[in-house]
Amino acid sequence: MISRNACAISTARSSPLSTHTTIRIGGPAEVLAFPRDADEVALLVRDCAERGVPWRVLGRGSNLLVADAGVPGVTIHTRDLRSIRFGDGGLVVAGAGLRTSTLHAEAMKRGLGGLECVVGYPATVGGSARMNAGGRWGETGARIEWVAAVDATGEVRTLPRDACNFGYRTSALAGLAVVEVAFRLPEVDLPAYRAAIDAIHAEKSRAQPLAEPSAGCMFRNPPGNSAGRLVDACGLKGRAVGGAMVSTVHGNFVVNRGGATCDDVLRLVDAVRDEVRRRTGVELETEVEVWGAEHVPAHG
Ligand code: EPU
């Protein structure tokens, strides 16, 4: 599966991904690799490209649904890419696997802020950049100066902000393995900033099921509308299939109330989409990335 060179990299075989996703669902990764730096990521990707082996990147698995049957090939886990260094003028360069909450805490220690957008997200720096994570309090991409990523040929490239094409939960980083992200953060008045962060946290804890296993928002908001509000208005909160349930707190979250399978979630997603289409005419699109089960099964 991987060459002798790449074998120096820490790997596990048939490792269940349910322990690596926030919704606690997912079958085994054929190979789960833990590279320690950009060169090891590049080596893995080149190796896969040469052998025609599929590869993908896993951060905290917070926006991700993995098929019960698992995924073939190499899953590159960014766990060990946790570097962080500070430069002049609010520059912070963070490894893809660093948690955004750690980045935020370290930035605040140096009087830097501007990361309201990541409060309440359990994601990594790489995943937040890739998805341009955010919402009412801004988007991650707005604070990014450049991104270093390994492309499909195994070359490390530096993409300036403009080349990242940040959009609503999208970027040009799809299909690349992000290894480092440079942020430019503003100096803030810390007491006032901390108070604002606490208020955002309180609001999210009230409005979202942050303590329950979920993959974050399941659907993208349709233009000018809110997926959560639509699901709620259709009376679908609490609707369940197997162990998967539409959160009773926020209509755009599917929670794992114990023992849910990927298939349960996909069937529930399909049922919710059908009902919202039937009642409102709006077609909901999933925001969560799905690995190994690209086709949502027919309801029933
Ligand atoms: N609403 C309801 N019922 C519900 C849920 C929401 O009526 O069950 C209403 C709310 O009262 C509010 C409106 O719908 O008037 C919008 O809801 P909310 O403020 O919770 O924001 P959202 O559009 O549902 C977006 C992001 C979230 C992000 C929040 C807050 C998307 C798909 N979601 O949610 O991001 O945390 O704003 O900034 O863009 C995620 O990306 O995984 C995610 C959770």
Side-chain angles (χ1 to χ4, degrees), residues 16-27 58-71 99-101 117-124 127-128 131 133-137 169 200-222 225-277 279-280 282 284-294 296-297 299-300:
L17 293 181
S18 53
T19 56
H20 296 283
T21 57
T22 54
I23 195 167
R24 301 269 169 265
I25 289 173
L58 177 67
R60 289 265 294 153
S62 60
N63 188 59
L64 180 63
L65 201 52
V66 179
D68 302 311
V71 282
R99 286 189 190 194
T100 51
S101 54
C117 54
V118 303
V119 173
Y121 283 120
T124 58
S128 301
M131 288 304 294
R136 204 190 313 168
W137 293 281
R169 296 303 104 79
I200 294 172
H201 215 278
E203 169 58 13
K204 280 208 173 171
S205 302
R206 185 197 63 76
Q208 300 182 355
L210 297 186
E212 290 173 86
S214 83
C217 281
M218 188 52 73
F219 299 103
R220 300 161 66 82
N221 282 336
N225 213 327
S226 155
R229 190 191 296 130
L230 285 168
V231 173
D232 191 0
C234 290
L236 291 164
K237 279 175 161 177
R239 171 75 71 96
V241 173
M245 185 180 79
V246 177
S247 167
T248 52
V249 178
H250 192 296
N252 201 2
F253 284 68
V254 169
V255 296
N256 179 354
R257 54 182 184 167
T261 63
C262 180
D263 199 50
D264 290 341
V265 177
L266 293 178
R267 282 171 187 278
L268 181 58
V269 162
D270 209 35
V272 166
R273 202 173 6 212
D274 280 354
E275 186 70 6
V276 169
R277 185 194 305 113
R279 303 264 305 256
T280 71
V282 177
L284 291 178
E285 268 178 58
T286 41
E287 171 190 309
V288 164
E289 194 165 319
V290 183
W291 286 359
E294 265 65 59
V296 177
H299 179 46

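Please read these numbers as outputs of a predicted model, since none were measured by experiment. FYI, side chains are in, hydrogens and waters are out, and symmetry mates aren't considered; it's all heavy atoms of this structure.
Residues L17 and L64 are not in side-chain contact: their nearest non-hydrogen atoms beyond the backbone lie 4.5 Å or more apart. Inter-residue side-chain proximity for V246 and L268 is flagged as met; some heavy-atom pair is nearer than 4.5 Å. The shortest side-chain heavy-atom distance between L58 and W291 falls under the 4.5 Å cut-off. Looking only at side-chain heavy atoms (C-beta outward), L230 and F219 stay at 4.5 Å or farther from each other. Looking at V241 and V265, their side chains never come closer than 4.5 Å, going by heavy atoms from C-beta outward. Taking 4.5 Å as the limit, every side-chain heavy atom of L284 sits out of range of all side-chain heavy atoms of V269.
Nearest heavy-atom pair, L210 versus G120, reported as atom, atom and distance to 0.1 Å: CD2-O, 4.0 Å. The nearest pair of heavy atoms linking N256 to I23 is ND2-O, 2.9 Å. Between P213 and R24, the shortest heavy-atom contact is CB-CG, 4.1 Å. Closest approach of A244 to V254, counting heavy atoms only: CB-CG1, 4.1 Å.
In this structure a side-chain-to-backbone donor-acceptor pair under 3.5 Å is missing from D68 to G27.
Using a cut-off of 4.0 Å between Lys/Arg side-chain N and Asp/Glu carboxylate O, R277 and D274 are scored as salt-bridged.
Evaluation of the salt bridge (Lys or Arg N to Asp or Glu O under 4.0 Å) rule for K204 yields no partner, not counting sequence neighbours. Looking at residues two or more places apart in sequence or on another chain, you find a salt bridge (Lys or Arg N to Asp or Glu O under 4.0 Å) between E203 and R136, R206.
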